[in-house]
Enquirer: 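Mind having a look at this structure? Questions to follow.
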Amino acid sequence: MSEPQTVPAPRRAVRAKVLPEHARAHNRALVLQALFHEGAMSRADLARATGLTRVTTSDLAGELIGEGVVVEQGMQTRTGPGKPATLVDIDREGLQIVAIDLSAADEYRGALLDLTGAVVARAAVPRPADGEADAARAAVLQLASAVAREASSRLLGVGVGAPGVITSDGVVLTAPNVGWAGMPLRALLAEELGIPVVVANDANAAALAEYTLGGASDDLMLVRIGRGVGSGLLVRGELTRGSRDAAGEIGHVTVGTDGGPRCACGRDGCLEAWLAVPALQARIAEGDRDSVLRDAGERLGIALAPVVGTLDIDDIVLSGPADLLDGPLRDAAVETLRARTLEPFTTHARVRLSAQGDDVVLRGAFAMVLDARLGIR
């Protein structure tokens, strides 16, 4: 009798020790986050807000001023004795970011934003037909270049929210509707524009927009509903990517055991076949609107329940057309979610619509650059 085969255990990554430069990068991010979210303040107030010493805060402020990221803004108004302190803030109008959204059905959208979050300029190009990979690549390069040329201040970077499974270094592993497989989108744009580029899945970008700019919870699931269905997950404020960069790909999870509409992937009953906007619109045209929306909401609740139950997520955000998502669909999703999870722990979970509007992916691309370049979340 042959000896049983033993399978070696996977090697666990060794945790690197914390180096001084890591601590300094962390402290820089604390300073920049405090300024971004709280506004201009004195160095003393900044030390109190971050918990850092005044010496460390003053040193970091000087370094950031030298880099042109932070500027002095005059004297603090005060009524008591003593010399008024000098205020510092992020150079909100002296730095700009290019944001690109490749998730819309009919066009690719771009915007130039300053660090107040205000849109300085917009541009768009028609979306090539499905599967035209080379045309899609050319359209993205054209759009990003056009938006970058509108810059009136120093560009901090380019953020791109795109459909598909995307690695941390900006390679689109697969985006079937676009026709991309192994597309090195970040590298192509960085070579074309000569500035730092960040690329992420559009649902992940939208989740970062809610977290950084919308005040969302540290534990967040954003479900992006458009031509397809995907989600972005943040756990304790960290974006969850998964072992193959595919965390949040819930669109092709089968919901229910009763079959269901045929999905583009070839299977029956995928969440995307129930919930994607074109599928909803087609079924509404043939039947009762409220019944169709409640049915789709129930399927969404079935998909959400194991995620909420496993990760104890308390903030679920729906991003997509409000006229379809609000009302019967959202109500049915909440009812189903609560019926399928342990009540004492999930009654606090809320399902709400995104407050970021149609620009949620653009704003997410903006937030991606803030995170990658300045450590701001």
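No hydrogens, no waters, no symmetry mates; every other heavy atom, side chains included, goes into these values. From a predicted model like this one, the values you see are computed outputs, not experimental measurements.
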Enquirer: May I ask you to check whether Arg43 and Thr57 show a side-chain donor-acceptor distance below 3.5 Å?
Expert: no
Enquirer: Okay, side chain of Arg109, backbone of Asp359: is any donor-acceptor separation there less than 3.5 Å?
Expert: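 Not a single qualifying donor-acceptor pair exists.
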Enquirer: For side chain to side chain contact (heavy atoms under 4.5 Å, CB included), just list the numbers for Leu325 and Ile225, CA-CA rounded to whole Å, side-chain angles, deciding distance to a tenth of an Å, and then say yes or no.
Expert: CA-CA 9 Å; Leu325 303 184; Ile225 301 162; 3.6 Å; yes
Enquirer: Salt bridge check, Asp295 against Arg299: does any charged N sit closer than 4.0 Å to a carboxylate O?
Expert: yes
Enquirer: Work out which heavy atom in Pro278 is nearest to a heavy atom in Arg227; give both atom names and the distance.
Expert: CD-CA, 4.0 Å
Enquirer: Step by step, work out the side chain to side chain contact (heavy atoms under 4.5 Å, CB included) result for Val223 and Ile250.
Expert: CA-CA 9 Å; Val223 182; Ile250 63 170; 4.3 Å; yes
Enquirer: Where is the tightest heavy-atom contact between Tyr108 and Pro128, given as atom of each residue plus distance?
Expert: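 Answer, listing the atom of Tyr108 first, then Pro128: CE1-CD, 3.8 Å.
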Enquirer: Between Val317 and Leu353, which heavy-atom pair has the shortest distance, and what is it?
Expert: CG1-C, 4.1 Å
Enquirer: Could you pull out the closest heavy-atom pair between Ala296 and Leu329, with the gap in Å?
Expert: CB-CD1, 4.1 Å
Enquirer: Less than 4.5 Å apart, side chain to side chain, heavy atoms only: is that true for Leu293 and Leu280?
Expert: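 Yes, close enough: below the 4.5 Å cut-off.
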Enquirer: Within the side chain of Asp315, is there an N or O that forms a donor-acceptor pair under 3.5 Å with the backbone of Ser217?
Expert: yes
Enquirer: Are the side chain of His37 and the backbone of Arg377 linked by a donor-acceptor contact shorter than 3.5 Å?
Expert: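 Checking the backbone N and O of Arg377 against the side chain of His37, a donor-acceptor pair under 3.5 Å is found.
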Enquirer: Do Val361 and Arg224 have side-chain heavy atoms sitting under 4.5 Å apart?
Expert: yes
Enquirer: Considering only heavy atoms from C-beta outward, does the side chain of Glu107 approach that of Pro126 to under 4.5 Å?
Expert: no
Enquirer: What distance do Arg137 atom CZ and Glu132 atom CD have between them, rounded to the nearest 0.5 Å?
Expert: 13.0 Å
Enquirer: Taking Arg24 first and then Asp59, would you say they form a salt bridge - that is, a charged N and a carboxylate O separated by under 4.0 Å?
Expert: yes
Enquirer: Within the structure provided, determine whether Asp312 and Asp219 are in side-chain contact (heavy-atom separation under 4.5 Å).
Expert: no
Enquirer: Counting only N and O atoms by type, is there a donor-acceptor contact under 3.5 Å from the side chain of Gln96 to the main-chain atoms of Ser153?
Expert: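 Yes: the side chain of Gln96 pairs with the backbone of Ser153.
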Enquirer: Please check this pair: side chain of Arg330 against backbone of Val351, looking for a donor-acceptor N/O pair closer than 3.5 Å.
Expert: yes
Enquirer: Salt bridge or not for Arg283 and Asp288, using N-O below 4.0 Å?
Expert: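 Result for this pair is no, no salt bridge flagged.
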Enquirer: Is the closest side-chain heavy-atom distance between Leu173 and Thr167 below 4.5 Å?
Expert: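 Touching, per the 4.5 Å side-chain cut-off.
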Enquirer: Salt-bridge test for Arg340 and Glu335: reply yes if a basic N is under 4.0 Å from a carboxylate O, no otherwise.
Expert: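 Answer for the salt bridge query: no.
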Enquirer: Kindly compute the distance separating CG (Asn204) from OG (Ser231), expressed to the nearest 0.5 Å.
Expert: 8.0 Å
Enquirer: Is the shortest heavy-atom distance from the side chain of Val31 to the side chain of Leu52 under 4.5 Å?
Expert: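 Yes. Closest side-chain heavy atoms under 4.5 Å.
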Enquirer: Nearest 0.5 Å please: distance from the CD1 atom of Ile166 over to the CG atom of Asp245.
Expert: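 Taking CD1 in Ile166 and CG in Asp245, the distance rounds to 9.5 Å.
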Enquirer: State the CZ-CG distance between Phe366 and Leu113, to the nearest 0.5 angstrom.
Expert: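 The distance works out to 6.0 Å.
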Enquirer: Yes or no on side chain to side chain contact (heavy atoms under 4.5 Å, CB included) for Tyr211 and Asp218, after CA distance, side-chain angles and deciding distance?
Expert: CA-CA 7 Å; Tyr211 183 67; Asp218 281 355; 2.9 Å; yes
Enquirer: Do you know the tightest heavy-atom contact between Asp258 and Val255?
Expert: OD1-O, 4.4 Å
Enquirer: Side chains of Thr86 and Glu72: does their closest heavy-atom pair fall under 4.5 Å?
Expert: yes
Enquirer: List the steps and the verdict of side chain to side chain contact (heavy atoms under 4.5 Å, CB included) for Leu64 and Val88.
Expert: CA-CA 10 Å; Leu64 291 165; Val88 296; over 6 Å; no
Enquirer: Does Ala349 offer a backbone N or O that forms a donor-acceptor pair with the side chain of Arg338 under 3.5 Å?
Expert: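 Yes; at least one donor-acceptor contact below 3.5 Å.
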Enquirer: Any donor-acceptor pair under 3.5 Å linking the side-chain atoms of Glu93 with those of Thr116?
Expert: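 Glu93 and Thr116 do not have a side-chain donor-acceptor pair below 3.5 Å.
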Enquirer: Roughly how far, to the nearest 0.5 Å, is CG of Leu32 from CG of Asn27?
Expert: 11.0 Å
Enquirer: Would you say the side chain of Ile97 lies within less than 4.5 Å of the side chain of Leu112, judging by non-hydrogen atoms?
Expert: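 Sidechains of Ile97 and Leu112: no contact.
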Enquirer: Would you find a donor on one side and an acceptor on the other, under 3.5 Å apart, between the side chain of Asn177 and the backbone of Asp130?
Expert: no
Enquirer: Spell out, as yes or no, whether a donor-acceptor pair under 3.5 Å connects the side chain of Arg127 to the backbone of Ser103.
Expert: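 Flag not set: sc Arg127 to bb Ser103 has no pair under 3.5 Å.
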Enquirer: Charged N to carboxylate O under 4.0 angstrom, Arg54 versus Asp45?
Expert: no
Enquirer: Do the side chains of Asp268 and Arg262 get close enough for a salt bridge, i.e. N-O under 4.0 angstrom?
Expert: yes
Enquirer: Identify the two heavy atoms, one from Arg294 and one from Pro328, that lie closest to each other, and give their separation to 0.1 Å.
Expert: CG-CB, 3.7 Å
Enquirer: With a 4.0 Å cut-off, would you call Arg92 and Asp114 a salt bridge?
Expert: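 Between Asp114 and Arg92 there is no salt bridge, as every charged N stays at least 4.0 Å from the carboxylate O atoms.
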Enquirer: Out of curiosity, Arg363 CZ to Leu370 CG, how far, rounded to the nearest 0.5 Å?
Expert: 10.5 Å
Enquirer: Let me check something: any side-chain donor-acceptor pairs from residues 179-193 under 3.5 Å, sequence neighbours excluded? List them with distances.
Expert:
{"from": "Trp180", "atom 1": "NE1", "to": "Ala133", "atom 2": "O", "distance (Å)": "3.1"}
{"from": "Arg186", "atom 1": "NE", "to": "Asp169", "atom 2": "O", "distance (Å)": "3.2"}

